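This one's a predicted model, so the numbers in the text were calculated from it and none came from an experiment.
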Amino acid sequence: MTNTAIRYTPGFKQTLIDLHEKGHSFKELHEEYGPSLDTIRKWVQAATVIAIDHQGNAVTNEQFKQLQKKTRRLREELDTLKRAAVLLAKRWGIYSFLGRQANN
């Protein structure tokens, strides 16, 4: 079984997003350009601006999801490092992160 999925260029996707924003319906875009209604809808949703950051730049739905994913991964890495630090401190007999040795 071969993968027959059509890959669309970012430029093509952006063109359809722009046309939708100018008033063309999903159905019109589907009939004229070919991608399914759901595909075009997903592209438009991903490109929808949901916020403005502190520098005045628009943040799209897709960018927000990527930032959430990155934040989740970084928190997991931080938790792992914290656990490792505790285990190392116990192994080396260190009772604080200031480098003082425990008097046991």
Side-chain angles (χ1 to χ4, degrees):
M1 189 166 159
T2 61
N3 185 0
T4 59
I6 298 172
R7 300 286 181 207
Y8 297 100
T9 65
F12 178 76
K13 293 176 186 180
Q14 189 59 50
T15 299
L16 293 186
I17 292 165
D18 293 342
L19 288 171
H20 177 72
E21 289 174 353
K22 291 180 182 175
H24 294 270
S25 70
F26 294 121
K27 185 176 180 180
E28 291 172 339
L29 296 172
H30 160 68
E31 289 171 353
E32 187 169 344
Y33 296 99
S36 72
L37 295 171
D38 282 340
T39 298
I40 299 169
R41 195 173 287 117
K42 287 177 187 176
W43 294 344
V44 170
Q45 183 180 12
T48 300
V49 174
I50 59 169
I52 304 296
D53 68 8
H54 64 281
Q55 296 175 335
N57 300 322
V59 178
T60 65
N61 194 26
E62 182 65 26
Q63 291 169 327
F64 183 72
K65 286 180 182 180
Q66 289 173 354
L67 289 172
Q68 283 182 318
K69 187 176 182 178
K70 183 176 181 179
T71 300
R72 190 173 24 252
R73 181 183 53 80
L74 290 173
R75 283 189 176 143
E76 288 171 2
E77 288 177 12
L78 180 61
D79 288 343
T80 301
L81 290 171
K82 284 179 181 179
R83 280 188 240 114
V86 169
L87 291 174
L88 289 172
K90 287 180 181 179
R91 181 178 182 148
W92 291 338
I94 300 171
Y95 66 94
S96 78
F97 292 105
L98 298 176
R100 291 179 276 182
Q101 296 280 329
N103 295 326
N104 294 352

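By the ring-ring contact (aromatic ring centres under 6.0 Å, His included) test, H30 is found to be paired with no residue, residues two or more places apart in sequence or in another chain being considered. The side chain to side chain donor-acceptor pair (under 3.5 Å) check on T15 picks up nothing, with sequence neighbours excluded. In this structure, the side-chain contact (heavy atoms from CB on, under 4.5 Å) partners of E62, at least two apart in sequence or on a different chain, are A46, T60, Q66.
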Only distances under 3.5 Å count here; give the side-chain donor-acceptor pairs of residues 67-76 to other protein atoms, sequence neighbours excluded, each with its distance to 0.1 Å.
residue, atom, partner, partner atom, Å
T71, OG1, L67, O, 2.8
R73, NH1, E77, OE2, 2.7

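Under a 4.5 Å side-chain heavy-atom criterion applied to ILVMFWY residues, the cluster that includes V59 comprises I50, F64 as well. Hydrophobic side-chain contacts under 4.5 Å tie L19 into a cluster, directly or through other members, with I6, Y8, F12, L16, I17, F26, L29, Y33, L37, I40, W43, V44. Hydrophobic side-chain contacts under 4.5 Å tie V49 into a cluster, directly or through other members, with I52.
Taken from CD in E31 to NE2 in H24, the straight-line distance is 13.0 Å, to the nearest 0.5 Å.
Applying the salt bridge (charged side-chain N to carboxylate O under 4.0 Å, His left out) test to residues at least two apart or on different chains, the pairs with a partner in residues 34-53 are D38-R41. The list of salt bridge (charged side-chain N to carboxylate O under 4.0 Å, His left out) pairs with a residue in residues 16-30, not counting sequence neighbours, is empty.
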